[in-house]
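Some notes on the structure that comes next.
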Amino acid sequence: MEYRGKGDSTSKPVSGLSRGLGFAARSATPFSRREVVQEILKSPRVHDALSALAAREGVELEGIVKRAKAGLESLVAEQNPWFSRIFDRVLGPMHTSAFSLNVDHGALRELEALSENNTLVFLPTHRSYADPFIVTKVLADTALPRNYILGGDNIGFWPMGPIVRRSGAVLIRRSFGDDSVYKLMIKEYLAYLARNGMNIEWYMEGGRSRTGKLRPPMYGLLRYLGQALSLERSKSVVLVPVSITYDQLHEIWAMAEEEAGLKAKQKEGISWLASYAKMQRKWIGTAYVRFGEPLSLTDALAQSPDNNWKIEKVAIEVFQRINKVTPVTGPALATLALLAVRNRALTLPEITGLVHPLLEYARQRNLPTEVVDELDNHSGIESALASLVKANVVANYAAGREPVYNVRAGSHNIAAFYRNSAIHWFVNRAILEVILLQTSLEHGGSNVFDVGWAEAHELRDVLKFEFFFSEKAEFKEEMRAEAYILSQDFFDKVGDPDGCRQMLYEAPFLIAYRVLMPFIEAYSVFAECLAERGDGAVDDIPALLRECTVVGKQYVLQHRIRSPESVSQELFKNAVKLAKNRNLLDAREGVGEDRRALKSYLCDMVKAVTRVEQLDIERMSEMESGSEQ
Ligand SMILES: CCCCCCCCCCCCCCCC(=O)SCCNC(=O)CCNC(=O)[C@H](O)C(C)(C)COP(=O)(O)OP(=O)(O)OC[C@H]1O[C@@H](n2cnc3c(N)ncnc32)[C@H](O)[C@@H]1OP(=O)(O)O
């Protein structure tokens, strides 16, 4: 599947001059940007909606129409063959030359067929500025038309803005609060694109992930598209989940510094672009592009149109489908092994000993492991490590008796980013280990099974803003399957605390502390800062987040928390979502008590996860001493 695409989007000839230069476009917008603006504004429906807005806001219709026109002019894109060519041939390579591509071509063939009778909306993961260029390059080698890509207007600077707006990029404000006129124009433009059968693309995470795993989705554009579909008849709209997983990324270093609060994000601009392009010249690995099972938005909404809850479910389903096709990569497994050992350096056989059981587990579960087959042997693991050493993520000390590897000081967040691309595959297993050990210790032989389920659901509920869990009934089935993988005799042994411990002791690997600890620790720092606010309202969320960062840094220095990657704005923000979901942010009687309860639950969870780690250390040292004798 490995190939280096040409990035050529030509197929249907356009003008003679363009043809002479080899220029063409497959889905050039039939009208200019100005004509599209006019067409939308002259629609009686839009006129009525704008009149209603003018009446509601008590202002002249003329002023509202002006705002609508200005909004639309900033939004509407065209697919001019000349500019599309610059996008593909100049901007594209500036972003993508760092990667080889590994693409699921079978899925692309199916999408080509699907595109004939449906409008496709591509919803890729967002890890790099290269993402939209990679998707464009991949689609260019198919019969699929070029997408209209919705992106933040932070990339509207000269010359980027003028080029991308004429090659299909729809630049939107990052946030538009209660600007009803702008929202209406977004909906109408989406309706226009769907009506004309244009394929669309946007990045639901609303920005590049800073942790390497999926961010919670933003729902606005999906909601507006849903509303646009209810406005008129258009082709059926099908959502296409897209996973782009990188072996490694150059820009991760800057993101990690921003995330740890060490550096402000550099504003996108011409000098930023120059340095970014320079960095991207160096090849760094493969980008894997996978397509999840398409999902009909038209069908989903037909059952309950304009329903917020429905939109949320659809978005989460898209993310679950992305997770299902996201491959396990070499760097993900290597960092999963190295981050487990509190910065102790490991020999190659030790790393192999940690990676192989994970590979075996992944194969047992039929996970997408096709890109890590080379890790079956020492040399494959060695080359995965070598690429991490080259990128300064891992240190290799080779002057002693045998080479040893550890995560470089200061590179934990980077290593965690790569580990997190595959972490979702191990979350249920991690929950099983923690709950099994905890309930067997705390509840002896009695009722371990029922208590265990309840505890597993509780932990799932705490982590639901980090991971996209299946619905409760399905989650239970998944946990059952995990239990059988842990031990064929699970349900015979689970009633007996010794049996529970024995199952864990004899498992090929334990993973809970490698997967869950950063999240539980970050949430416990947050819960502590929240609890200190007693019964009062939390009005200043940014101040709370800053406090979490500084307290977290102190705890890392004191080794009171073990994972430096726990000090993450992204994780603290998800903890805010949890607190909001549990009504812990507003002032009310008893809220202080509830906040303290969350803090105490998370402290207990840190201890429970640590117990799994201790058990793992114990059994590994026994195995080592056994093999030495
Ligand atoms: C330097 C350059 C290099 C790279 C050069 C590349 C150039 C090559 C191509 C260019 C393109 C690139 C693309 C890059 C990738 C990005 O740029 S990513 C950043 C931009 N993309 C996005 O933000 C997309 C996702 N964002 C959204 O969907 C956001 O919701 C919006 C539409 C931006 C609005 O955000 P907001 O103003 O914060 O509002 P929000 O709270 O989300 O609420 C909006 C609506 O959603 C509803 N909503 C909120 N929560 C929910 C919920 N749970 N359930 C249902 N509805 C909900 C709200 O009720 C509200 O509805 P209304 O009340 O308006 O009816």
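Both ligands and their constituent atoms are indexed starting at 1 by order of listing. One is the number of the first residue; the rest follow in order along the sequence. For the numbers below, each heavy atom of this structure counts, side chains included, while hydrogens, waters and symmetry mates do not.
- The environment of Glu471 atom CD is sparse: at most 12 non-hydrogen atoms of other residues, nucleotides or ligands sit within 6.0 angstrom.
- Judged by distance alone, the side chain of Glu201 and the main-chain N or O of Tyr148 form no donor-acceptor pair under 3.5 Å.
- A centroid separation of less than 6.0 Å is found between the aromatic rings of Phe467 and Phe519.
- The residue from Ala169, Ser175, Pro132 that puts a heavy atom closest to atom 36 (P) of ligand 1 is Ser175.
- At under 3.5 Å, a nitrogen or oxygen of Arg223, whether backbone or side chain, sits near a nitrogen or oxygen of ligand 1.
- For ligand 1 and Leu221, the ligand atoms under 4.0 Å from any heavy atom of the residue are 24 (C), 27 (C), 28 (O), 32 (C).
- Listed by number with element, the atoms of ligand 1 under 4.0 angstrom from any heavy atom of Phe87 are 8 (C).
- Every atom of ligand 1 is numbered from 1 in the order shown, and the set under 4.0 Å from a heavy atom of Ile149 is 11 (C).
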Given Lys580 and Asp586, is the salt bridge (charged side-chain N to carboxylate O under 4.0 Å, His left out) satisfied, shown in steps? CA-CA 8 Å; Lys580 196 166 176 204; Asp586 296 330; over 6 Å; no
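- The closest approach between any non-hydrogen atom of Glu205 and ligand 1 is not below 4.0 Å.
- With a 6.0 Å cutoff to the six-membered ring centre and a 45° limit on the axis angle, Lys183 does not count as a cation-pi contact of Phe176.
- For ligand 1, the atoms sitting less than 4.0 Å from at least one non-hydrogen atom of Lys183 are 62 (P), 63 (O), 64 (O), numbered in the order shown with element in parentheses.
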Output, in order, the C-alpha distance, side-chain angles, deciding distance and verdict of ring-ring contact (aromatic ring centres under 6.0 Å, His included) for Tyr276 and His95. CA-CA 8 Å; Tyr276 184 81; His95 288 79; 5.2 Å; yes
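- Not a single heavy atom of Arg208 sits under 4.0 Å from any atom of ligand 1.
- Residue pairs meeting the salt bridge (charged side-chain N to carboxylate O under 4.0 Å, His left out) criterion with at least one partner in residues 269-279, sequence neighbours excluded, are absent.
- Between Glu312 and ligand 1, at least one pair of N/O atoms sits closer than 3.5 Å.
- Scanning Arg165, Arg174, Met218 for the heavy atom closest to atom 33 (C) of ligand 1 points to Arg174.
- The contact set between ligand 1 and His95, taken as ligand atoms under 4.0 Å from a residue heavy atom, comprises 3 (C), 4 (C).
- Within the model, atoms CZ of Arg290 and OG1 of Thr125 stand 12.0 Å from one another, a figure rounded to the nearest 0.5 Å.
- Using a 4.5 Å heavy-atom cutoff, the side chains of Glu570 and Ser209 are in contact.
- Close approach to Glu268 involves these atoms of ligand 1, each under 4.0 Å from a residue heavy atom: 1 (C).
- Taking the six-membered ring for Trp, Phe133 and Phe87 have ring centres closer than 6.0 Å.
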Check the pair Phe469 / Asp461 against side chain to side chain contact (heavy atoms under 4.5 Å, CB included), numbers first and verdict last. CA-CA 9 Å; Phe469 291 107; Asp461 202 58; over 6 Å; no
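- With a 4.0 Å cut-off on non-hydrogen atoms, Ile155 touches ligand 1 through its side chain and not its backbone.
- Note on ligand 1: Phe133 sits in its first shell, one or more heavy atoms being nearer than 4.0 Å.
- The distance from ligand 1 to the heavy atoms of Gly177 drops below 4.0 Å at these ligand atoms: 37 (O).
- The shortest N/O to N/O separation between Gly152 and ligand 1 falls below 3.5 Å.
- Rounding to the nearest 0.5 Å places CG of Leu544 at 11.0 Å from CG of Asp539.
- Residue Gly220 places at least one N or O, backbone or side chain, under 3.5 Å from an N or O of ligand 1.
- Looking at Tyr276, Tyr224, Tyr203, Tyr129, it is Tyr203 that brings a heavy atom closest to atom 25 (C) of ligand 1.
- In the vicinity of Met160, heavy-atom distances shorter than 4.0 Å reach the ligand 1 atoms 2 (C), 3 (C), 5 (C).
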